Amino acid sequence: MDIRSGGECAAMGASASFGELVNAPWFLFLDLMGTVAFALSGITIARAERYSIFGALMLAWLPALGGGLVMDVIAGRNPPGILEQPAYMQAIILTVLAARAVLWLIDLARGRWLFFFDIVRWYLHATRRLKPSTLLVLFDAVGLASFTVTGVFTAVQFNCHPLELWGPTFAMMNASLGAILRDVVRADAHNPILKGSLYAEIAMAAGLALSLLVLYAPGWMVGYGVAAVMVAVPTARLWCYSRDLRAPMF
Amino acid sequence: MDIRSGGECAAMGASASFGELVNAPWFLFLDLMGTVAFALSGITIARAERYSIFGALMLAWLPALGGGLVMDVIAGRNPPGILEQPAYMQAIILTVLAARAVLWLIDLARGRWLFFFDIVRWYLHATRRLKPSTLLVLFDAVGLASFTVTGVFTAVQFNCHPLELWGPTFAMMNASLGAILRDVVRADAHNPILKGSLYAEIAMAAGLALSLLVLYAPGWMVGYGVAAVMVAVPTARLWCYSRDLRAPMF
Amino acid sequence: MDIRSGGECAAMGASASFGELVNAPWFLFLDLMGTVAFALSGITIARAERYSIFGALMLAWLPALGGGLVMDVIAGRNPPGILEQPAYMQAIILTVLAARAVLWLIDLARGRWLFFFDIVRWYLHATRRLKPSTLLVLFDAVGLASFTVTGVFTAVQFNCHPLELWGPTFAMMNASLGAILRDVVRADAHNPILKGSLYAEIAMAAGLALSLLVLYAPGWMVGYGVAAVMVAVPTARLWCYSRDLRAPMF
C-alpha cells in the first residue's frame, strides 16, 4: 500500500468521523450560530446603506449561504446543500424578520419610556468591553471556524483530490466567498476580504491544517483536530481584529 | 395519511396540471414576450451607458436567463433549462440584433425624410399615454408574472421541500435575480430592486400564494391560480410603478 | 439520413478527433500557457490596485477558471472540470506565489546592486519592441485561442444542440466570461470587454467558424480547423490591440 492509497483510507475513516461530528448537536448549534452571525453582518450593512427589507434578505443570505452554494457546485453535490437543509434558509429569513421587528420596537420606544433595550445598552455600557458589535465579531469568528470545518468535510465527503488543494479551497469558499460576493453586490471597490482583512487567510490555513491531519494522521485524531480548529480560528480572528493586523499587500 | 403526504399528493397533481399549463401555446407566448421585454430592458441600459453590441447581449441575457440559471442549479436541474430550451437564447440574440438594426435605421433616417418611426412616434404622441417606455413596462410586468409561475412550477417539478419556502424563493429568483445580477455587472451601487423598487417582493408574494394553493387546494384550482397570477402580478406591478410606491427600508 | 443526423454524426467524429487534439502535449502546453497568462493579467491588476495576496489569487483565478466553471454548469458537466483537472488550480497558485517572490526579489534588489532583472529590463529595452507587457498580451492572445478551442470542444462533447448556438457561446464564456467577472468583482463600471475591447467577439467568431466546420465538414478537417484557430485568433487579437480597434457601440 503506497502513501496515496493510505491517504485515501485515512480520508474514508475521516469521512465517517466527520459525519458524526458535523451532525452532533453542539456542532449544529455552533454552525447555526455562525449562520445567524453572517446574516447579521449583512443586515448591519443593509441598515447603514438604506437597503429595502428584501435587499437586507439578500445581503444576509449571501455571506451565510452564497459561498457554500458555489462550493457545492464545484464539489458536484447535486442538489446543493441549501435545498437539502432548508433550516439554514429559514434561520436567515427569521433573523431578518426578527431584526426588523427589534428595530421597529426600538424606533417606537425611542424617547418615550425607559425601555428594555436601553437597559441592555446601559448594562453593556457598564460592562464596557462587551459591546454589541463585539458580540457580532465573536459570533462571526465562531461562524468562520464552523464553516471552515464543514468546508473541509465537504471536500472529504466528495473525494476531492488532492485534499491538500480542495480542503483549504473549500474551507475558504464556505467561510468567506459569500461575504466577498455580498460586497460585490454592493459594488464596493474596496472589498475588505480581498484588500487586507485577515479573514479568508485564516480559513485557508486552518483548512490546510485539518486536511493534512485527515490525510496523514490516524482517524481518531480528526475529532481533536476539529476541536482545535473551533478554538484556534475564533482566537486568531479576534486577535487579528483587535490588533487590526492586515494581510500583506501583493 | 398526514398533512405532509397530503401536501405531496397535491403537489404531484399540481405538477401534471402545471405541465399542461406552462406548455400551452398562450403561456409560452406570454413567457417569450416577458423574455423579450427583460432583454429590451437590458438593451435600453446598454444604449444609455455606451456598451458595445456584445455588452448589450450580456445585459439582455442576464435579466432574462441569469436568474433562472441560478434557480436551476439550486433545484438540481442538470443540465439547466437554457440548454434544453435554446429558443430563449435565440430569442434574446434576435432581439439584440433587431434592436440594433432598428436603431441603425433610425440613425440613418434622422433628419432626411419623414420616416415610419416618425409616424409611429407621432401616433404615440397623439395617443399620449401609450409611450414606448410604457409598453416596455407593460411587457416587463407580464414577464414578471410568467417568470413567477415558471419559478413555482420548477419548485413543484423538482420536489423542493418545503414548497412554502422554495416556491416564493424560486419565483423571486426566476423573475428578479437576473435583473439584480445585471445591475451588479454594471457595478451599480444603487441596485434598484434591492433598494426599494417593489419588484422582487411582488414575485415573492404571488409565488407564496400560488405555492399555498398547490399545497392545500384541490388540483383543479391550480389553473385558476395561474390565471389569477397572470392578471394580479402585472396589475400590482403597474400600480406600484405608476404610483411610485417604494418598499419599506430596512 | 437528414442533415440533422448527419450533423450529429459529424459531431461524434469531431468529439473523438477533438479528444485526441485537446489531450495532445502541444495543446496542453498552449492551454496551460494561456491559463498562466490569464492569471498574470489578474495579478497585474492586483498589484496596481493594492489587493492582498489572497485578493491577487482571486483576481488570478477568475479570468483563468471562472468562465469555464459557468460553462461547465450550463453544459451539465458534473463535477466541473476544475475538480477533475486540479493542475490548472495548482498552476494558478504557483503563478501567484512565483510572481510574489519575483516582486519581493525586485524590491530587495532595487538600488543595491546590478541585478538579473535589471539585465532583463536592459535587454528588453535594447530589443525595444518586446516589452514585458507585450509578452503578456501575446500569451493572453494564445490563451484566448486555446480557451476558444476547449469551449467548442465542451459543446461538442456534451452534445449541446444546436452547436451553431452553443459552440460560439461556450467559446466566448470559456475565454472571456472570467475576465468579465474579474472586473465585476473589482466593481469596475467601465468593464472593458463589455464596452468596446474586441476580445469576446473574436472568441465568438472563431467559435462559430469551428462549430460550422465540426457540423458540416468531414471529420479530418477538424484538426486543421483547430490549427487555424490557434493561428488566426492570436493574430486577430494582436492586430486589434496594436491598432486599438474598438467594437461598435450599441
Side-chain angles (χ1 to χ4, degrees), chain B residues 40 42-62 65-66 68-70 72-74 76-97 99-104 107 181-191, chain C residues 67 69-80 154-155 157-173 175-177 179-205 208 240 245-250:
Chain B
L40 284 175
I43 288 171
T44 311
I45 294 170
R47 175 82 170 171
E49 300 184 2
R50 305 175 70 84
Y51 279 81
S52 70
I53 296 176
F54 172 72
L57 189 62
M58 272 284 154
L59 293 197
W61 187 91
L62 271 171
L65 299 179
L69 180 59
V70 176
D72 283 356
V73 167
I74 293 178
R77 176 184 280 170
N78 187 20
I82 56 165
L83 194 76
E84 292 186 338
Q85 301 187 312
Y88 288 89
M89 287 280 283
Q90 288 160 341
I92 290 165
I93 294 171
L94 278 181
T95 304
V96 171
L97 295 181
R100 192 69 202 81
V102 168
L103 289 170
W104 177 76
D107 287 348
L181 291 176
R182 178 197 63 203
D183 294 341
V184 170
V185 166
R186 289 171 50 233
D188 183 359
H190 297 282
N191 208 314
Chain C
L69 180 59
V70 176
M71 176 186 75
D72 284 355
V73 166
I74 293 178
R77 175 184 281 168
N78 187 21
T154 303
Q157 199 184 2
F158 287 87
N159 286 310
C160 301
H161 287 294
L163 191 61
E164 292 93 336
L165 173 66
W166 294 111
T169 302
F170 284 3
M172 175 275 286
M173 283 188 164
S176 73
L177 186 57
I180 296 172
L181 291 177
R182 178 198 63 204
D183 294 340
V184 169
V185 166
R186 290 171 50 231
D188 183 358
H190 297 283
N191 208 313
I193 299 177
L194 298 177
K195 290 210 166 171
S197 284
L198 276 163
Y199 195 86
E201 288 87 350
I202 295 172
M204 279 181 109
L208 181 61
C240 292
L245 288 185
R246 311 286 295 168
M249 267 196 301
F250 192 86

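Keep in mind that what you see is a predicted model, and the values were worked out from it rather than measured.
- Interface remark: Leu165(C) contributes side-chain atoms only to the contact with chain B (heavy atom separation under 4.5 Å).
- Arg100(B) is not listed as a side-chain neighbour of Pro248(C), based on a closest heavy-atom distance of 4.5 Å or more.
- Under the 4.5 Å side-chain criterion, counting only non-hydrogen atoms from C-beta, Trp61(B) is not in contact with Thr169(C).
- Within the 4.5 angstrom heavy-atom criterion, no atom of Asp183(C) approaches chain B.
- Only the side chain of Ile93(B) comes within less than 4.5 Å of a heavy atom of chain C; its backbone N, CA, C and O stay farther away.
- For Arg186(B), the part sitting under 4.5 Å from any heavy atom of chain C is the backbone (N, CA, C, O) and nothing else.
- With a 4.5 Å cut-off on non-hydrogen atoms, Leu103(B) touches chain C through its side chain but not through its backbone.
- Options Val185(B), Ile43(B), Ile53(B), Val73(B) differ in how many heavy-atom pairs under 4.5 Å they form with chain C, and the most are formed by Ile53(B).
- In this structure, CD1 in Ile92(B) is found 12.0 Å from CG in Leu59(B), a value given to the nearest 0.5 Å.
- Using a 4.5 Å cut-off between heavy atoms, Leu181(C) does not touch chain B at all.
- Minimum heavy-atom separation, Leu83(B) to Ala75(C): CD2-O, 4.1 Å.
- The minimum heavy-atom distance linking Met249(C) with Arg50(B) is given by the pair CE-NH2, 3.2 Å.
- For chain B, no part of Ser197(C) is nearby; none of its heavy atoms comes within less than 4.5 Å.
- Here Pro80(B) is the residue among Pro80(B), Pro79(B), Ala56(B) with the most heavy-atom pairs under 4.5 Å with chain C.
- In this structure, the side chain of Asp72(B) engages the main chain of Gly81(B) through a donor-acceptor pair within 3.5 Å.
- Note: Pro86(B) leads Ala99(B), Pro86(B), Ala189(B) in heavy-atom pairs under 4.5 Å with chain C.
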side-chain contact (heavy atoms from CB on, under 4.5 Å), that's the test. Do Met58(B) and Tyr51(B) meet it? Break it down for me. CA-CA 10 Å; Met58(B) 272 284 154; Tyr51(B) 279 81; over 6 Å; no
